[in-house]
2 protein chains.
Amino acid sequence: MAKQSQVIARERVLEAAERLFAGRGYAAVTLRDIGQAVGIKHASLYYHFPRGKEELYVEVTARRMQRYREGLERAIASARNGWYERLEAAANWMLAQPTMYLGRMMQSDMPAISDEAAEQLRKIVYSSLLQPLVAIFQNALQDNPEKLARSATYAGMFLSLIEGIDNLPASYVQGSKQELVKIMLDMLSNGIVGK
Amino acid sequence: MAKQSQVIARERVLEAAERLFAGRGYAAVTLRDIGQAVGIKHASLYYHFPRGKEELYVEVTARRMQRYREGLERAIASARNGWYERLEAAANWMLAQPTMYLGRMMQSDMPAISDEAAEQLRKIVYSSLLQPLVAIFQNALQDNPEKLARSATYAGMFLSLIEGIDNLPASYVQGSKQELVKIMLDMLSNGIVGK
DNA sequence: GTCTATATGTTGATAGAC
DNA sequence: GTCTATCAACATATAGAC
């Protein structure tokens with residue numbers, strides 16, 4: 001194939017790799033898969049990413065998380081100014097995205113790459129996902145110092161619940177995702193059982 | 001090595017395989033790893049499990065989940081007879097076990113095995129983890145038909161929260177796991193923010 | 001029951017031509 | 001920039017001796 005612009009070729013590789021890694025995870029995607037998706041041989045990938053698969057994975061994952069964070073912050077900012085509305089906007093936006101596979105990322109992909117790369121990515125992933133949510137809780141809990149200090153914990157719980165909605169089998173979660181978000185937010189507001 | 005009792009040899013293989021698969025997941029464990037852990041060559045594993053790695057994985061995972069369910073039910077039964085105490089007992093018991101890696105199991109291991117095996121295991125996993133929890137919610141919500149119908153959803157949310165506690169990085173969850181359980185249960189009782 | 005030997009496939013990576 | 005060719009490493013799995 002004819003020589004292409006350096007930037008364009010590299011960008012096409014990044015896009016294909018991002019789509020594949022995000023969908024199947026680190027180990028299940030081979031360099032040959034990525035090459036095939038772009039239309040080049042896998043050996044040619046080393047021209048753009050001399051250090052190979054891991055370098056490619058780190059770069060696309062970092063990129064993906066940063067874009068995710070931007071989208072999440074935008075979705076939150078565009079909601080009305082109450083904590084309920086902001087959490088609802090965050091949840092609905094996240095559930096409208098392709099599944100994040102956070103569990104696989106943390107429990108399967110990270111252990112498969114070098115410790116340094118994993119540590120770097122873990123920070124990016126959690127700051128991208130959690131910080132926008134932490135801000136909502138901090139704002140909502142201003143009047144309650146004890147709970148305010150637990151904003152990060154609440155944000156983590158919220159994130160876990162979102163992930164759970166994406167993962168639980170359909171047979172266990174009757175109703176649409178939007179309805180589940182309402183149930184979830186109702187729980188965060190008033191509790192389930194009442195003590 | 002001398003010939004051993006059929007049952008004993010097979011059992012030793014199962015134990016080693018279970019420990020390895022539970023810790024590292026399906027793809028990251030090789031038959032050589034399992035053979036080495038037992039002290040035999042990997043080819044010998046085919047004597048006990050003629051259909052190879054996948055058969056071994058399915059058998060140990062099903063076994064593990066059934067034992068998990070028994071332990072969970074026992075922990076719940078030994079708690080005092082309120083929903084709060086039962087959920088607390090369930091949570092603390094689960095967090096005292098080795099990490100389940102449910103996300104990895106569902107998002108990485110299952111896609112790596114055959115569809116039939118995956119479907120079979122998914123049912124076992126979710127029934128083992130969720131049914132004991134569903135029973136608690138059903139009991140607690142008897143007086144509220146609308147919420148009672150959502151018992152499975154609540155149980156799923158509870159499970160997601162437990163998983164989340166196991167997964168979130170230490171920097172985001174100050175405090176011990178027991179304290180986190182209290183925070184979580186307080187949220188399930190009364191909500192976080194109050195509407 | 002466990003061994004050795006081997007078949008067969010896949011993977012990430014490198015070297016060098018064009 | 002992309003190619004072909006090749007490599008070493010490692011995987012699952014099978015055949016047959018002991």
Side-chain angles (χ1 to χ4, degrees), chain A residues 1-18 20-21 23-61 108-118, chain B residues 1-18 20-21 23-61 108-118:
Chain A
M1 194 179 281
K3 190 171 173 175
Q4 292 194 13
S5 148
Q6 216 173 108
V7 189
I8 291 180
R10 197 186 137 97
E11 188 57 32
R12 286 193 40 177
V13 170
L14 282 172
E15 279 166 25
E18 180 172 333
L20 287 167
F21 280 135
R24 290 196 249 141
Y26 182 73
V29 173
T30 71
L31 292 180
R32 285 171 173 83
D33 292 333
I34 299 172
Q36 193 173 25
V38 185
I40 63 178
K41 296 296 177 183
H42 80 282
S44 307
L45 297 172
Y46 286 88
Y47 173 81
H48 302 285
F49 301 90
R51 287 187 311 194
K53 189 182 184 184
E54 183 171 308
E55 179 187 3
L56 195 42
Y57 177 77
V58 170
E59 181 150 341
V60 300
T61 304
S108 188
D109 294 354
M110 295 301 138
I113 64 179
S114 72
D115 289 352
E116 307 79 46
Chain B
M1 194 179 282
K3 191 170 171 175
Q4 292 193 15
S5 148
Q6 215 173 111
V7 188
I8 291 182
R10 196 185 138 96
E11 188 56 32
R12 288 193 44 182
V13 170
L14 282 172
E15 280 167 24
E18 181 173 333
L20 288 167
F21 280 135
R24 291 196 247 142
Y26 183 72
V29 173
T30 71
L31 293 180
R32 284 174 171 84
D33 292 333
I34 298 172
Q36 193 174 25
V38 184
I40 63 178
K41 296 294 176 185
H42 78 281
S44 306
L45 296 172
Y46 287 88
Y47 172 80
H48 302 285
F49 301 91
R51 287 187 310 194
K53 189 182 183 182
E54 182 171 311
E55 179 186 6
L56 195 42
Y57 178 78
V58 170
E59 182 150 340
V60 300
T61 303
S108 188
D109 294 354
M110 295 302 138
I113 64 179
S114 72
D115 289 351
E116 306 79 46

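A note on names: the letters A, B, ... follow the listed sequences, proteins ahead of strands, and every chain is numbered from 1.
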Polar atom pairs between nucleotides 16-18 of chain C and protein, under 3.5 Å, N or O only, would you list them?
none

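Interatomic distance, CD1 of A:I113 versus CD of A:E55, reported as 12.5 Å (0.5 Å rounding). How far NE2 of B:H42 is from NZ of B:K53: 11.5 Å, rounded to the nearest 0.5 Å.
Atom CD1 of A:I34 is separated from atom P of C:dA13 by 11 Å (rounded to the nearest Å). A:Y47 has its OH atom 13 Å from the P atom of D:dC3, to the nearest Å. The distance from atom OH of B:Y57 to atom P of D:dT12 is 14 Å, rounded to the nearest whole Å. Atom NZ in A:K53 sits roughly 12 Å away from atom C1' in C:dA13 (whole-Å rounding). Rounded to whole Å, atom P of C:dT10 lies 13 Å from atom CD of A:Q36. Atom CG of B:D33 is separated from atom C1' of D:dT12 by 13 Å (rounded to the nearest Å). Here the C1' atom of nucleotide C:dG12 and the CZ atom of A:F21 are 12 Å apart, to the nearest Å. The OH-P distance, from A:Y26 to C:dT11, rounds to 13 Å in whole Å.
Counting any heavy atom pair closer than 4.0 Å across all strands shown, A:V13 reaches no nucleic acid atom.
Put simply, the side chain of B:R10 does not reach to within 4.5 Å of the side chain of B:Y47, judged on heavy atoms. Side-chain atoms of B:Y57 and B:V29, non-hydrogen and from C-beta on, never get closer than 4.5 Å to each other. Looking at heavy atoms from C-beta onward, A:R24 lies in side-chain contact with A:D33 at the 4.5 angstrom threshold.
Ring geometry for A:F21 versus A:Y26: interplanar angle under 30°, hence parallel rather than tilted (30 to 60°).
No option in B:L14, B:I34, B:V13 other than B:L14 meets the side-chain contact (heavy atoms from CB on, under 4.5 Å) test with B:V60.
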- Along nucleotides 4-10 of chain D, 5' to 3', which nucleotides get a B, which get an S, and which get a -, given that the test is a protein heavy-atom distance under 4.0 Å? BB-----
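The nearest pair of heavy atoms linking B:A16 to B:V38 is CB-CG2, 3.6 Å.
Atom CD of A:Q36 has 12 or fewer heavy atoms from other residues, nucleotides or ligands within 6.0 Å.
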